[in-house]
Amino acid sequence: MSDPTTSDPTMSDPTMSDPTVTAPAGSDPPASGPTASDPSTSTAIRQALAERFGEELNVSEELPGLEALARIAGHRSHRRFLPRPVEPDLLRLLCACALSAPSKSDLQQADIVIVREAAIRQTIVDTIPDMPWIMNAPVFLVFVGNGARLPMMSKRRDKPFPNDHLDAFFNAAVDGAIVMTTFIQAATAIGLGTCPISAIRDYPRIVAEALNLPPRTVPIAGLCVGWPEQPGEITPRLSLSTTVIENHYGERDLIGEIEAYDRRRAALRPYRRQRRIERWGEASFYGWSQDKARQYAEPTRTDFGAFVREQGFRLD
Ligand SMILES: Cc1cc2nc3c(=O)[nH]c(=O)nc-3n(C[C@H](O)[C@H](O)[C@H](O)COP(=O)(O)O)c2cc1C
């Protein structure tokens with residue numbers, strides 16, 4: 001059902017360990033473990049961040065919590081999992097840790113759906129035929145922004161609810177995203193691998209029906225969880241000079257910065273193939289910005305706003 005042109009074509013290659021579609025240039029993938037002892041943890045952090053951002057950062061060996069930083073710096077999504085279950089008690093522990101995340105105004109507007117029933121998962125997967133890792137993952141979760149409880153309490157406490165506008169949706173969506181991120185960090189801390197799945201929003205009504213989503217709730221993303229089959233690889237990011245802003249945004253050569261990133265990334269993780277060659281032809285140099293421009297040249301989730309409104313959120 002899913003329009004494969006709207007999702008990353010490179011994702012459909014089951015031989016790929018990683019999403020990003022890109023292949024390592026010659027060298028072995030970096031070690032993924034949180035506790036790199038040789039080289040030291042601070043060196044492992046430095047190396048991961050150098051690979052990620054193309055910049056040598058100072059990482060003092062005296063800092064506390066270096067293992068936690070190493071896990072965060074070494075992040076990578078996983079799409080291949082061992083056939084080893086994730087015990088329900090462990091999953092519940094991770095959900096509890098995730099839901100310990102900060103919450104806007106203490107409103108607690110995020111839920112986690114554990115999709116245990118194969119038929120429900122299949123219904124969702126059928127909307128996304130090009131991502132086999134969703135069905136293969138030992139655990140599949142859906143993170144939900146839940147804006148239903150707040151107006152319910154207002155009614156119950158006989159109070160007006162004059163804040164039914166875009167911010168109500170935004171707050172629930174942000175809470176859901178923070179809880180998912182916290183789940184990823186908790187899962188990574190114990191050696192699990194994860195991959196978020198926003199493709200569940202390609203056909204949100206089918207997902208809403210499968211999960212019996214109540215009014216004023218929206219699926220933020222799915223999450224595949226399991227024991228990784230491979231260490232995975234670091235995906236380079238835009239340089240810190242592009243995305244860390246001192247005080248205020250000023251004049252800058254953004255095109256030049258992005259093209260420098262295209263080249264740095266292509267040297268480390270070149271794309272294995274080009275997107276929609278039949279439409280755009282074969283580029284002599286195919287970098288991140290070319291890939292993203294091609295990806296977003298196709299309409300994607302154009303009726304998501306309509307779905308969110310149908311769910312009872314007002315977006316004005
Ligand atoms: C909100 C969100 C949605 C995502 N949706 C998908 C998805 O539908 N399918 C997929 O294979 N990966 C998905 N990803 C994973 C991204 O492709 C991945 O994070 C990105 O390529 C960077 O790679 P890394 O996580 O290994 O650093 C998603 C990530 C996020 C944060």
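All ligand and atom numbering here is 1-based and tracks the order in the structure.
- Comparing R237, M131, R79 by heavy-atom distance to atom 11 (O) of ligand 1, the nearest is R79.
- Checking side-chain atoms of R252 against main-chain N and O of T242 turns up a donor-acceptor pair under 3.5 Å.
- Short contacts between ligand 1 and W133, defined as distances under 4.0 Å to a heavy atom of the residue, involve ligand atoms 11 (O).
- For ligand 1, none of its N or O atoms has an N or O atom of R76 under 3.5 Å away.
- With contacts defined as side-chain heavy-atom distances shorter than 4.5 Å, the pair N171/S105 does not qualify.
- Those atoms of ligand 1 with a heavy atom of A199 less than 4.0 angstrom away are 8 (O).
- Pairing each heavy atom of V225 with each of P138, the nearest pair is O-CD, 3.3 Å.
- At a cut-off of 3.5 Å, with distance as the only test, no side-chain donor of D202 or T127 sits close to an acceptor on the other residue.
- Of the candidates P196, C195, G222, it is P196 that places a heavy atom closest to atom 7 (C) of ligand 1.
- Atoms CZ and CD, on R92 and E87 in that order, are 15.0 Å from each other to the nearest 0.5 Å.
- Between R265 atom CZ and I258 atom CD1 the span is 12.5 Å, to the nearest 0.5 Å.
- Where the criterion is an N or O separation shorter than 3.5 Å, residue side chain and backbone included, S77 meets it with respect to ligand 1.
- Residue-level proximity to ligand 1 for A221 is absent, since no heavy atom of it falls below 4.0 angstrom.
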